[in-house]
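Report on the following structure.
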Protein chains: 2
Amino acid sequence: MSPTDPATADGAEAPEVEAATKNLVFNAAERLFALNGFQNVSVRDITAEAGVNLASVNYHFGSKDALLFEIFRRRTVELSRDRAKMLHEAADRHGGNPPVREILTALFAPVLRWLSPGHERRVSLQFLIRARSEGTQEMRDVLRTDVSHLRRFSDALIAALPQLPPEEVYWRVHFALGMIHQNRFAELDRLNVLSEGITREDDIDGLLKRMVDFAEAGFLA
Amino acid sequence: MSPTDPATADGAEAPEVEAATKNLVFNAAERLFALNGFQNVSVRDITAEAGVNLASVNYHFGSKDALLFEIFRRRTVELSRDRAKMLHEAADRHGGNPPVREILTALFAPVLRWLSPGHERRVSLQFLIRARSEGTQEMRDVLRTDVSHLRRFSDALIAALPQLPPEEVYWRVHFALGMIHQNRFAELDRLNVLSEGITREDDIDGLLKRMVDFAEAGFLA
DNA sequence: AGCGTCAAGAAACGCGCGTTTGAAGCGGGC
DNA sequence: GCCCGCTTCAAACGCGCGTTTCTTGACGCT
């Protein structure tokens with residue numbers, strides 16, 4: 001039988017002292033999937049990149065799909081935790097009812113921090129963005145069904161905008177999420193071509209301010 | 001040899017009096033690709049759905065990838081034409097310098113019109129949205145490189161917002177495009193779950209107004 | 001009638017894929 | 001010293017895929 005259950009590997013967030021092969025596979029897979037898409041990366045590609053045996057994926061994770069889902073699950077939890085923490089801190093600072101701008105910052109900032117060049121979660125973010133459109137049925141079911149984390153943000157926004165019908169708030173959350181998901185490599189490339197290079201995507205603080213400015217104005221409209 | 005060059009098939013936009021098989025393949029492929037993703041649909045699926053022989057794809061289009069690109073190319077041209085026409089009309093109405101709201105309407109409206117339930121281009125739109133992330137290298141090269149159509153919109157917005165640095169305008173165009181691309185089946189489903197069904201995605205006019213309101217406020221911020 | 005051309009059909013080819021198998025290596029525990 | 005569990009390894013299996021090949025049919029022309 002295979003030890004797929006323990007799930008002790010943790011891509012680069014702890015020194016690979018234990019289950020080194022599992023971590024090598026995890027990290028190689030995440031990077032290749034993020035760069036080339038899920039269907040364009042074979043188990044052979046992954047194990048070659050990781051420098052391990054072909055059978056390692058099935059031995060340590062059960063199947064290619066299970067490996068994909070494991071990466072997805074771990075990064076999703078991690079990102080949600082970052083966001084929830086920021087929202088919580090903003091709530092603490094404002095007696096439980098943070099203003100729109102701070103809610104949006106909590107929604108955007110973790111993503112943009114991960115996106116920054118050199119950040120160790122940069123490929124994780126591209127992986128997660130890819131999962132929305134290319135993911136397995138299981139991933140997309142999770143994305144569609146599990147909105148509990150998102151609901152904290154919509155609830156906070158409804159409280160912060162009492163004059164706005166909730167229906168309107170939901171739509172605007174939808175728009176704001178679209179703004180985030182646009183930050184794929186391909187779309188940032190396209191923006192670079194369109195603007196002839198004057199948009200600097202590595203200015204993450206500037207980008208955060210730009211996104212919050214745009215979205216805040218949209219919410220207050 | 002195969003008659004891949006004529007390219008006279010035109011999915012449902014003319015009665016299938018000529019090259020009936022080619023049209024059947026084109027339409028079946030577009031629908032299946034839009035619904036299930038590019039890599040999850042085989043040539044056998046397409047020909048079975050169309051009720052034609054397995055070899056038809058290669059005979060009429062050369063290859064599966066060429067068929068994909070043909071669909072992509074035709075729908076891209078069609079959508080760009082719709083958008084350019086609306087922008088041109090808006091310019092005519094305002095002596096060459098349309099206001100922000102009308103530029104954004106020209107950017108959004110054709111997409112939303114295609115998206116409306118029952119519209120014959122509804123699946124075409126989902127196909128095009130999928131092409132951004134799942135498309136072949138050839139498609140993504142076109143998307144990244146060919147920004148000529150988009151530049152008309154950014155130029156118009158720069159002219160309409162003379163006090164705003166062009167860099168800022170480009171970023172906001174980027175955000176606005178993200179808002180559009182969020183309108184995939186999966187994301188609309190998710191919104192429905194989040195809002196517990198109070199968001200009505202079939203109210204296309206309402207959605208257009210919502211999107212333009214949000215984006216206009218963002219651009220004027 | 002005979003021929004040339006184009007479309008449709010049936011069957012197979014070859015390849016790359018995810019996965020499985022069974023053997024070999026390598027520890028620590030009795 | 002020997003066994004036992006866990007991990008690694010090389011090799012192969014079986015399958016579905018895109019594509020090709022060759023045959024058959026349909027139709028217009030002289």
Side-chain angles (χ1 to χ4, degrees), chain A residues 1-10 16-30 32-33 36-72 134-139, chain B residues 1-10 16-30 32-33 36-72 134-139:
Chain A
M1 303 315 129
S2 68
T4 61
D5 331 84
T8 47
D10 45 6
E16 44 269 32
V17 291
E18 188 184 358
T21 299
K22 190 168 183 179
N23 282 333
L24 286 172
V25 169
F26 186 101
N27 292 327
E30 182 179 37
L32 289 181
F33 284 142
N36 305 113
F38 297 163
Q39 312 264 12
N40 298 319
V41 175
S42 68
V43 171
R44 283 165 178 82
D45 292 334
I46 296 168
T47 51
E49 174 87 2
V52 301
N53 188 268
L54 170 61
S56 302
V57 166
N58 292 277
Y59 179 76
H60 284 286
F61 295 93
S63 69
K64 182 191 181 185
D65 276 4
L67 165 60
L68 265 168
F69 190 74
E70 170 84 9
I71 302 172
F72 168 77
E134 303 172 50
T136 61
Q137 188 60 48
E138 195 179 10
M139 290 188 206
Chain B
M1 305 313 129
S2 69
T4 61
D5 331 83
T8 48
D10 45 6
E16 44 268 32
V17 292
E18 187 184 356
T21 298
K22 190 168 184 180
N23 282 333
L24 287 172
V25 169
F26 186 101
N27 292 326
E30 182 179 37
L32 289 181
F33 284 141
N36 305 111
F38 296 164
Q39 313 263 12
N40 299 317
V41 175
S42 68
V43 172
R44 283 166 176 81
D45 292 335
I46 297 168
T47 51
E49 174 87 2
V52 302
N53 187 268
L54 170 62
S56 302
V57 166
N58 292 277
Y59 179 75
H60 283 287
F61 295 93
S63 70
K64 183 192 179 184
D65 276 4
L67 165 60
L68 265 168
F69 190 75
E70 169 84 9
I71 302 173
F72 168 77
E134 303 172 51
T136 62
Q137 188 59 48
E138 194 180 10
M139 290 188 206

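In what follows, every heavy atom counts, from backbone to side chain, and hydrogens, waters and symmetry copies are set aside.
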Could you check whether any side-chain heavy atom of A:Met139 comes within less than 4.5 Å of a side-chain heavy atom of A:Leu68, counting everything from C-beta outward? yes
Whole-Å distance, A:Asn58 CG to D:dC6 P, equals 18 Å
Query raised in the report: Counting only side-chain N and O atoms of A:Ser56, is one of them less than 4.0 Å from OP1 or OP2 of D:dT8?
Result: no
Modelled atom types, side-chain donor and acceptor of B:Ser56 and B:Asn53, under 3.5 Å: no
The nucleotide from C:dT19, C:dA12, C:dA10 with an atom nearest the side chain of B:Asn53 is C:dA10
Taking the side chain from A:Asn27 and the backbone from A:Asn23, do they hold a donor-acceptor pair closer than 3.5 Å? yes
Picking from D:dC9, C:dA8, D:dC6, the nucleotide nearest the side-chain atoms of A:Tyr59 would be D:dC6
The side chain to side chain contact (heavy atoms under 4.5 Å, CB included) partner of A:Asn40 among B:Gln137, B:Glu134, B:Gln39 is B:Gln39
Separation of D:dT20 atom C1' from B:Phe61 atom CZ, nearest Å, is 18 Å
| message | Are the side chains of A:His60 and A:Thr21 in contact, using a 4.5 Å heavy-atom criterion? | response | yes
Whole-Å distance, B:Leu67 CG to D:dG18 C1', equals 12 Å
From CG of B:Leu68 across to P of D:dG18 the rounded distance in Å is 10 Å
Worksheet entry | B:Leu67 and B:Ile46, any side-chain heavy atoms less than 4.5 Å apart | yes
Is any side-chain nitrogen or oxygen of B:His60 closer than 4.0 Å to OP1 or OP2 of C:dC6? no
Whole-Å distance, B:Lys64 NZ to D:dT20 P, equals 15 Å
Between CG of B:Leu54 and C1' of D:dT24 the distance, given in whole Å, is 17 Å
Testing D:dA11, D:dT19, D:dT21 for proximity to the side chain of B:Ala55, the answer is D:dT21
Residues of residues 38-46 of chain B with a heavy atom under 4.0 Å from any atom of DNA chain D, listed by number, are B:Val41, B:Ser42, B:Val43, B:Arg44
Of all heavy-atom pairs linking A:Phe26 and A:Glu70, the shortest is CE1-CG, 4.0 Å
